[in-house]
Amino acid sequence: MLVGRVVDSMPSFPAGSTVQVDGVEVDTDVLSQVLGAHARADVVRSGAIAFCFVVLAAAVLSWAITGRVLKPVHDVTEAARRLSAESLGERLRLAGPRDEVAELADTFDGMLDRLQAAFDSQRRFVANASHELRTPLSVIRTELDVTLSDPDADVEELRRMAGVVRTAAERSEQLVSALLLLARTEGTRLAVHEPVDLAAVVDSAWRAVRAESAAKQLRMSFRTGPAPAVGDPALLERIAGNLLENAVRHNLVGGWIDVVTEGGPQWSVLRVSSSGPPIAPELVEGLFEPFRRGGTDRTARTGTGLGLSIVRAAVTAHEGRVHAEAVSGGGLAVIVHLPAAGR
């Protein structure tokens with residue numbers, strides 16, 4: 001169309017006439033054809049050059065805009081490639097407009113926060129588990145070395161050494177069993193779903209710690225109404241057993257324990273409260289972490305430090321919830337909510 005307009009805009013000559021060009025007579029029809037051909041060639045040549053420049057400019061502009069838009073995505077990709085267990089501290093913290101790319105970067109940073117917390121928790125768990133397992137083994141080795149190095153060791157000394165070794169071995173066995181139970185329970189789904197009354201579970205778990213409670217002269221209060229739930233009977237008994245064991249072992253001589261079970265349309269509740277040493281409210285949540293006793297790592301000589309961790313894992317597997325509260329004057333109350341049987 002452009003070529004046609006250029007040709008149409010050229011001067012026209014009368015048909016059959018001639019014109020003189022550089023002293024030469026030229027037929028106007030031939031001249032018109034030659035001029036038209038040259039005009040078309042010039043327009044095509046100029047158009048081709050202009051088209052190349054336009055394409056080049058568009059390519060450069062597109063590359064610049066695309067690079068600017070996709071740079072945050074490239075940053076996310078490079079960060080993902082650099083990540084390892086030792087470099088989880090890196091964050092994108094993308095600035096700029098809050099668009100889809102920024103939302104992706106924020107989601108990526110949130111994922112890194114969760115991964116770093118999980119890795120840190122795993123490192124603490126492995127370190128604490130190694131320490132807990134090393135302690136009884138050190139006791140066993142020390143007792144054996146001391147006794148074997150004594151040439152005058154009599155039967156009584158050997159029996160004393162055997163008793164210490166047996167106690168340390170039992171502690172190791174308890175710790176390994178607790179670790180296996182925690183590993184099997186944490187993050188898993190229940191394989192057994194049976195109707196269970198929490199009141200009956202408490203009664204069964206209480207028989208295992210009754211003698212230890214009597215030795216400490218603890219005052220017991222049971223208000224165990226019907227509390228129907230659904231789940232794994234063995235795990236539910238482990239929940240009640242761990243709570244009662246903690247309440248007895250971390251109690252004061254002559255202290256008290258109060259146990260309540262009650263049912264509801266949505267939740268069945270188990271509450272175990274006990275006296276004991278004062279616990280700062282800000283340390284209560286940390287008691288559910290592995291190897292945490294009274295808010296301090298590895299401070300008690302009894303227990304594995306995994307009781308409340310197992311309780312939380314088992315309650316989570318039952319799709320329930322658990323929390324603890326510091327008791328005024330000293331002690332702890334742990335409240336477990338489990339889905340009711342008729343829910």
Side-chain angles (χ1 to χ4, degrees), residues 85-86 119-186 205 207-218 234 238 241-255 257 274-280 283 286-313 330-332:
E86 287 72 31
F119 272 95
D120 291 343
S121 176
Q122 184 183 50
R123 289 192 185 99
R124 288 195 302 270
F125 182 86
V126 172
N128 289 334
S130 301
H131 177 92
E132 293 286 343
L133 287 170
R134 189 184 298 116
T135 299
L137 294 177
S138 299
V139 171
I140 292 174
R141 180 173 181 176
T142 301
E143 286 293 329
L144 289 173
D145 289 344
V146 171
T147 304
L148 292 176
S149 64
D150 184 5
D152 299 325
D154 54 11
V155 175
E156 183 179 354
E157 177 64 18
L158 293 176
R159 286 183 177 276
R160 185 202 64 79
M161 181 269 293
V164 173
V165 170
R166 179 177 181 178
T167 300
E170 288 176 348
R171 175 175 171 78
S172 296
E173 183 180 6
Q174 292 173 358
L175 179 59
V176 171
S177 299
L179 287 170
L180 289 175
L181 179 60
L182 180 61
R184 287 197 303 264
T185 306
E186 197 166 27
R207 288 195 290 268
V209 295
R210 181 182 298 171
E212 191 174 354
S213 171
K216 279 194 168 184
Q217 303 175 4
L218 300 178
R238 189 68 267 160
N242 281 9
L243 293 181
L244 289 172
E245 287 174 5
N246 279 356
V248 171
R249 293 175 182 173
H250 300 288
N251 214 317
L252 305 174
V253 176
I257 296 178
S274 62
S275 58
I279 301 176
L283 299 179
L287 296 177
F288 289 97
E289 296 297 324
F291 306 106
R292 192 68 63 86
R293 308 178 183 94
T296 306
D297 290 342
R298 305 188 298 266
T299 57
R301 296 186 179 182
T302 59
T304 62
L306 294 172
L308 290 181
S309 298
I310 293 173
V311 167
R312 181 173 62 180
L332 188 70

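As a basis for the values below, the full set of heavy atoms in this structure was taken, side chains included, without hydrogen atoms, waters or symmetry mates.
Between Ser274 and Ile257, the shortest heavy-atom contact is CB-CG1, 4.0 Å. Scanning all heavy atoms of the two residues, the minimum distance from Gly254 to Leu218 falls at N-CD2, 4.3 Å. Between Ala168 and Ile140, the closest heavy-atom pair is CB-CG1, 3.6 Å.
Considering CG of Asn251 and OG of Ser275, their distance stands at 3.5 Å, rounded to 0.5 Å. The CZ atom of Arg249 lies 9.0 Å from the CG atom of Asn242; values are rounded to the nearest 0.5 Å. Here CG of Asp145 is found 12.5 Å from CG of Asp150. Values are rounded to the nearest 0.5 Å. Between atom CZ of residue Arg159 and atom CG of residue Asp154 there is a gap of 11.0 Å, rounded to the nearest 0.5 Å.
Ala211 pairs by the side-chain contact (heavy atoms from CB on, under 4.5 Å) definition with nothing, not counting sequence neighbours. Every residue two or more places apart in sequence or in another chain that forms a side chain to side chain donor-acceptor pair (under 3.5 Å) with Arg160 is listed here: Glu143, Glu157. Residues satisfying the side-chain contact (heavy atoms from CB on, under 4.5 Å) test with Arg210, not counting sequence neighbours, are Trp206, Arg207.
Side-chain contact between Leu287 and Asn246: absent, with no pair of heavy atoms (C-beta onward) separated by less than 4.5 Å.
Within the 3.5 Å criterion, the main-chain N or O of Gly255 finds no donor-acceptor partner in the side chain of Lys216. Between the side chain of Ser149 and the backbone N or O of Val146, at least one donor-acceptor pair lies under 3.5 Å.
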